[in-house]
Amino acid sequence: MPTVIAAAAIVALVVAAILVVEQAVPAAPAPRGVESTTSSGVDLDCAENDPITQELLSGSTWTMCWRVDASRGLVLEDVHFTPAGHRPVQVLAELSIGQLEVPYDTGLRNTEDITTQGFGGSHMMTLTKTECLGARLGTYVPKIGDGSMGGGGEQRAVLCQEVVDGGIAYRSEDGSGTEVARRTDLRLATISKVGWYEYVSQYTFGGDGSIRSDLGATGDLSPEDYGDDPAHGWPVGPGDTDYATSHSHNAVWRVHWALGGRGGQVVEQYDAEPTGEQGPRSPLVAGGLTEISHEGTAEAADRRWWRVVSPDVLNQDGHKISYQVDLGATTPFELTQDHQHDDADDAGYAVAFTEADDCQLFATSNKEGRCGSGVLDFAQDEAKLSDVVTWVAVGFHHVARDEDQSPMEMHWQGFTLTPRDLTAQRADPPSAREDVNGKPAQVP
């Protein structure tokens, strides 16, 4: 027995030493005009709850405020990222979902879950240890709407805060050795039950500065939405019976930027296309940026992405800091209400850019009439962009399968915000690569 205990102690010491080495990451050069620091340096005065601050394995830290809105559910505010060895940079003023529309293929039913029922209040579920392996954070949740109509409320644990393994952060073998490390991410999530569906609002903040927004759907297929038409559904009962009606989950997120502080931001669209010329080994592809200076919408295309730039803040290489909007896989859609818009030919969009206005909260059915009913109205005056809000539309067409009953397996849709030139190098380079900036030396 003593031999076993001694062996276990040695293993524990080795593991601890590895963790210390992994976390003792040397500081990368600080962005120009931004002093280096070894702490997050963010002092937030949050309106409703204590701020969330989490250092990750890379040495980088995320800090933000959070609250629960009756309609939008989880709302994240004053989101700051502190790259390892740097002073903090504010990235977002606010992040939330702006609408979730669920139209059924038969045309007989459609719901706008955010503005009709909402993800907050009684629709937001209390979490247990099964739903959340990390810390369960509580807040006051009204029983009816936002609480302004009475009905009381209670303190409930509704937000899950977890540090999760993010897999391999990097691996590089250059002939002289191998540099490899794993990463951890901060994950925040809530669960909202609307009708038969249960939705997970999940945000993952990476040690590399990335922000992943996801909507997960589980629960049960709606028993009211079955038919016998194979054109509009899929049989999930014995033989050709009980056709579950196909439907869409059309989600739009509202991203209010504050990169380097609110205002003064620039939006650019990147496109790359084949030139029609052929090189010795492959076709030539040319790419470049186009500024989007005024409010409007944009559609997805191959080799296309967008970025929000803070032109007055430079990294140590003299490059403007920015964040890139990456859609990934999505099913294109047009929100039902937007079909009736004056410019119905342009009703569909993958992203839209508008100037921030506190009453422009929902992609459709906006409750503040003076602002317009939705994104197309918000963008109609084509105001010059400075205090930028990005509306990101990601669709998922759900054709049910036998395995969806019951309960159905979680399915996801979302997008990623990726830092571009926030720091001159990766924030946590291994010591052997600290000097790699620009064209590397010839590999032996």
Side-chain angles (χ1 to χ4, degrees), residues 28-29 31-32 167-176 178-180 206 208-212 255 257 259 265-334 345-346 348-353 382 385 388 390-395 413-427 429 433 435-444:
R32 180 180 299 172
I168 297 174
Y170 58 78
R171 187 187 189 281
S172 176
E173 185 174 351
D174 64 1
S176 62
T178 301
E179 299 292 346
V180 60
D208 62 341
S210 62
I211 303 172
R212 175 72 193 178
V255 184
W257 295 93
L259 185 57
Q265 294 144 14
V266 174
V267 178
E268 295 176 331
Q269 177 175 296
Y270 178 88
D271 284 286
E273 296 181 358
T275 64
E277 300 178 63
Q278 182 73 30
R281 302 289 296 273
S282 63
L284 272 64
V285 177
L289 293 165
T290 303
E291 182 177 343
I292 300 175
S293 59
H294 292 76
E295 294 177 321
T297 62
E299 296 181 0
D302 291 340
R303 308 182 194 89
R304 172 176 290 174
W305 44 264
W306 302 266
R307 72 171 187 159
V308 175
V309 187
S310 183
D312 295 331
V313 183
L314 310 179
N315 69 15
Q316 194 176 23
D317 283 344
H319 301 152
K320 302 171 185 177
I321 68 169
S322 68
Y323 260 76
Q324 179 174 320
V325 181
D326 293 313
L327 290 180
T330 178
T331 300
F333 65 86
E334 296 178 3
D345 291 342
D346 299 320
Y349 58 88
V351 298
F353 301 96
E382 299 182 350
L385 293 171
V388 178
T390 303
W391 303 84
V392 186
V394 181
Q413 61 198 95
F415 66 99
T416 303
L417 306 175
T418 306
R420 173 171 287 276
D421 309 332
L422 195 66
T423 51
Q425 299 167 269
R426 65 174 300 120
R433 304 293 176 88
D435 297 329
V436 178
N437 187 20
K439 185 176 179 179
Q442 188 68 31
V443 177

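Note that this is a predicted model, so its numbers are computed, not measured.
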With the side chain counted from C-beta on, respond yes when [X] and [Y] share a heavy-atom pair under 4.5 Å apart, and no when they do not.
{"X": "Phe415", "Y": "Val351", "result": "no"}
{"X": "Val309", "Y": "Ile321", "result": "no"}
{"X": "Asp174", "Y": "Arg433", "result": "yes"}
{"X": "Thr297", "Y": "Trp391", "result": "no"}
{"X": "Leu314", "Y": "Lys320", "result": "yes"}

How far apart are the closest heavy atoms of [X] and [Y], and which atoms are they?
{"X": "Arg303", "Y": "Pro274", "answer": "NH1-CD, 3.6 Å"}
{"X": "Leu327", "Y": "Ala300", "answer": "CD1-CB, 4.0 Å"}
{"X": "Ala424", "Y": "Gln316", "answer": "CB-CB, 4.0 Å"}

Distance, nearest 0.5 Å, that separates [atom1] of [X] from [atom2] of [Y]:
{"X": "Trp257", "Y": "Ser322", "atom1": "CH2", "atom2": "OG", "answer": "8.5 Å"}
{"X": "Ser293", "Y": "Leu385", "atom1": "OG", "atom2": "CG", "answer": "7.0 Å"}
{"X": "Thr275", "Y": "Leu284", "atom1": "OG1", "atom2": "CG", "answer": "4.5 Å"}
{"X": "Tyr323", "Y": "Arg420", "atom1": "OH", "atom2": "CZ", "answer": "12.5 Å"}
{"X": "Leu422", "Y": "Ser310", "atom1": "CG", "atom2": "OG", "answer": "10.0 Å"}
{"X": "Leu289", "Y": "Trp306", "atom1": "CG", "atom2": "CH2", "answer": "13.0 Å"}

When you measure from the side chain of [X] to the backbone N and O of [Y], does any donor-acceptor pair fall under 3.5 Å?
{"X": "Glu382", "Y": "Gly296", "result": "no"}
{"X": "Gln413", "Y": "Val394", "result": "yes"}
{"X": "Ser172", "Y": "Glu179", "result": "no"}
{"X": "Asp317", "Y": "His319", "result": "no"}
{"X": "Thr416", "Y": "Asp326", "result": "no"}
{"X": "Gln265", "Y": "Val388", "result": "yes"}

Would you call the rings of Trp305 and Tyr270 parallel, tilted or perpendicular, where under 30° means parallel and over 60° means perpendicular?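 Parallel: the ring planes of Trp305 and Tyr270 meet at under 30°.
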
Heavy-atom count check: over 12 atoms from other residues, nucleotides or ligands less than 6.0 Å from Asn437 CG?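 Result for CG/Asn437: enclosed.
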
Has Ile168 got more than 12 heavy atoms of other residues, nucleotides or ligands less than 6.0 Å from its CD1?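 Atom CD1 in Ile168 is not packed in, count stays at 12 or less.
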
Quick one: which of Glu291, Arg307, Arg304 gives a side-chain contact (heavy atoms from CB on, under 4.5 Å) with Gln269?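 Among the candidates, only Arg304 passes.
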
